[in-house]
Amino acid sequence: MAQGVVAINPVTISPKTGISAALMVLALILLALGAVLSRAEAGAGLGVADWAAIRFTVLQAACSSVLSVLLAVPVARALARRRFVGRAALVTLLGAPFILPVIVAVLGLLTVFGRSGWLNSGLEALGLPAVSIYGFHGVVLAHVFFNMPLATRLLLQGWQSIPAERFRLCAQLRLTPRAMFRAVELPMLAQIVPGALALVFVICLTSFAVALTLGGGPRATTIELAIYQAFRFDFDLGRAALLSVVQLALAGGVALFALRFVPVITMGGGLDRVMPRWDARADVQRVMDALVIGFAAGFLLVPLAAVILRGVMGLPAMPATVYLAAGTSIAVALSSIIVLLALALPMAGWIAGRKGGGLEAVGLLGLAASPLMIGTGWFIVINPYADPFDFALPVTVLVNAMMALPFALRILVPPMRDAVETFGRLSAMLGVRGWALWRILLLPRLRRQIGFAAGLTGALSMGDLGVIALFADPDRVTLPLQMVRLMGAYQMDAAAGAALVLLVLSLGVFWMCDKGGRGRAEA
Amino acid sequence: MLKLEQALIVQDDFRLLADFTLEPARNYAVIGPSGAGKSTLLAAVCGFVPLASGRLLWDGRDITQDAPGARPMTMLFQDNNLFPHLDVLQNVGLGLRPDLRIGTAERDKVMEALARVGLADYTNAKPGNLSGGQQSRVALARVLVQARPLVLLDEPFAALGPALRNEMLDLLKDTIAQTGAAMVMVTHAPEDVRRIADEVIFVEGGQAQAPRPAAALMDDPPPELRAYLG
């Protein structure tokens, strides 16, 4: 409309399915919460160990997020202003840890930083004391490994959102690098950093697999791990329940608070643009940037290379159970993708049809509600009627889909809104609605984002080690769990082989979905 | 045919009142200053903007609450008239089947319409590969197959150059005349009015005035219209 006097509002996407999907997610969480609460003994209270777990959880999450973002700032800055061979590959690689199975990365970190790892071998050769990767700093190290690249990508987006004119203006005014940093870059950082900190903090709060493998013991147990131990070893449902409530309140509170800051997750388009800059031409700055980029690349690549090297050598040592577990994992991942799309697409349609964006909070519940709490809750719900272990895989599928939901909504809502704004009137005028609207307009327009969200979900699900650890029995094992068992039995070669298989499967499912979404690129 | 009965549009501090009747097979031009509500008037007739009060009557039947797709009319927008991911055949076929299940009978009709607008060879092309004029023709072909008795146009050829624009206007006029439909077109250009309109609806000061014969009005405009035309 030329004049734009009146907001045209063709309500074309029916909100019913979206609301039902959101209610289902809510019911899934609330039912689990209710079940957990019914077993939580109010009188028991939190013990010394529980308080220690809470303290540790918050402290490691704080340390991990601050370190991740702090380290990401120089890396993002260097990437934003330098052009070099392999830059595009490195930027793509920064997205990898997000879809990398935690347990695979842990194995890589162990190979490099572990007791008899590469680092300690080097230190020993130099006659220096060995460092230990277990405990607080091991957990933080692993979290930084995962989240520094994520933070770098978010910050890189920030840098590239600065209009080129600003830099030109600064060059014209001959601002010193310091003045330029204060005038241009600091305001951008002030916008992006809180969101990045909050996102990493929430992710680390609910960390389980890292704590399970690198933490443990009274001094390095997260709430999530404590829930697992209370449930699995002590079968103390009351305590597991109480801890679950603490976890939900803590992570839920932070997540709700963080929603306002968390930046939109893009597919990495446009990150390959390099800003022409005039302020960083001194040799010192060049060398610094090169060092920073080299360090970041090494920090990312060396553990990954370790996984691949060890994995190739370990492949022959793998027992047949690994292949069975791989089959299970593939089935779980594919089912998670289907469940996620069935939930996320209608929800995104509902949210996109509304003016405000606060509804995304529903999706965020998936991030805040601990998978182990949901697992525990559903164990309690199912237990009186059937053997909960029979439901291990379906519950895993549901929980995996919910974990991916907040990310999927962040990916799907903006293009959905865009499609409705651009083609909503045309569709309404032609009488295209209901299923036809999805088939003719929304699914084709969102193809890329759907592929990306599906790939993300598949990879997250493939590598997830959460609920399945609670429900595990010998018959129903996913590949990550099988890996943990092999590591627990000190069959490190076999575990390394399994890690390589898992790595290939995770990246493979992501690649195939993402590729499928890009497909015939047109229009 | 279509009666706007004390139709009032209110949004925030914007108000527009329309009270007149449109006759079949007539060509109406809607003119008026920017921001007067020309596009809004069309959007309300088509069902994209709700009426605060008043009614829309189609041959005596109240269609005020009908969904846009259910009204006996169709509309061409300024842009985004075609789905970029569908080919020409599908885009035109949507006018017949909103579920896109185009059978042989529908296909024949689509082909006939495409031939009428001179695009018979472009059935499988995507809009992105067509020129602006060709895209307009595809949209026109869809208007043809829809064969609704009223066609609304919101500056549909604003993005085209003058020569192409006149060509499209003539094609539009012919096409609409063939289907026997009435047409209401928002335009900024007085020469467009002379080219295609029988009657003019002047929108200004919160009111859409009743249609008046175009030729007489343009030759001897009243003061407020003279002020607008300059």
Side-chain angles (χ1 to χ4, degrees), chain A residues 1-16 345 349 352-355 412 414-452 516-523, chain B residues 9-14 16 32-44 46-50 67-71 73-86 90-91 93-101 126-129 139 142 146 148 152 154-155 158 186 188 203:
Chain A
M1 304 266 120
Q3 286 79 14
V5 181
V6 174
I8 304 294
N9 184 24
V11 182
T12 44
I13 304 180
S14 160
K16 279 184 214 138
L345 283 171
R354 310 211 4 153
K355 298 240 161 54
L412 293 174
M416 187 83 83
R417 200 163 266 157
D418 198 44
V420 171
E421 268 166 24
T422 313
F423 297 107
R425 280 185 315 171
L426 179 59
S427 308
M429 199 269 297
L430 291 168
V432 177
R433 56 175 183 267
W435 168 232
L437 182 72
W438 286 93
R439 190 164 51 84
I440 293 168
L441 174 65
L442 299 174
L443 295 181
R445 296 309 296 167
L446 268 73
R447 205 182 134 137
R448 282 188 65 174
Q449 288 84 0
I450 290 170
F452 183 58
R518 282 161 202 264
R520 301 159 287 134
E522 61 198 340
Chain B
I9 306 159
V10 179
Q11 284 210 353
D12 299 325
D13 54 352
F14 172 85
L16 183 68
S34 280
K38 302 187 293 291
S39 296
T40 309
L41 176 67
L42 251 62
C46 201
F48 291 122
V49 172
R71 301 184 183 210
M73 59 188 79
T74 185
M75 183 159 173
L76 281 190
F77 310 106
Q78 274 178 21
D79 45 24
N80 298 318
N81 280 302
L82 305 175
F83 293 108
H85 55 279
L86 300 182
Q90 290 172 315
N91 265 298
L94 272 176
L96 292 169
R97 294 294 305 251
D99 58 0
L100 209 53
R101 298 190 201 286
K126 292 279 167 68
N129 296 327
R142 193 178 56 220
Q146 281 182 293
R148 302 283 169 99
L152 308 171
D154 185 6
E155 297 187 65
V186 171
H188 269 118
V203 180

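Since the model is a prediction, treat every value here as computed from it, not as a measurement. A, B, ... follow the sequence lines: proteins, then strands. Residue 1 opens every chain.
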(message) Could you work out, with salt bridge (charged side-chain N to carboxylate O under 4.0 Å, His left out) as the rule, every residue matching B/Asp99, not counting sequence neighbours?
(response) B/Arg97, B/Arg101
(request) List the atom of A/Gly349, the atom of A/Met416, and the distance in Å for their closest heavy-atom pair. (result) N-CE, 3.6 Å
(request) Measure from NZ or CZ of A/Arg445 to the centre of the six-membered ring of A/Phe423 and say whether it is under 6.0 Å with the direction within 45° of the ring axis. (result) no
(message) Going by side chain to side chain donor-acceptor pair (under 3.5 Å), name the residues that satisfy it together with B/Gln90, two or more places apart in sequence or in a different chain.
(response) none
(message) I'd like to verify something: which residue of A/Ile440, A/Leu441, A/Thr422 has the highest number of heavy-atom pairs under 4.5 Å with chain B?
(response) A/Ile440
(message) I'd like to know which of B/Asn129, B/Leu16, B/Asn81, B/Leu86 tops the heavy-atom pair count under 4.5 Å against chain A.
(response) B/Asn81
(request) Specify which of B/Gln146, B/Arg142, B/Met73 makes the most heavy-atom pairs with chain A at under 4.5 Å. (result) B/Arg142
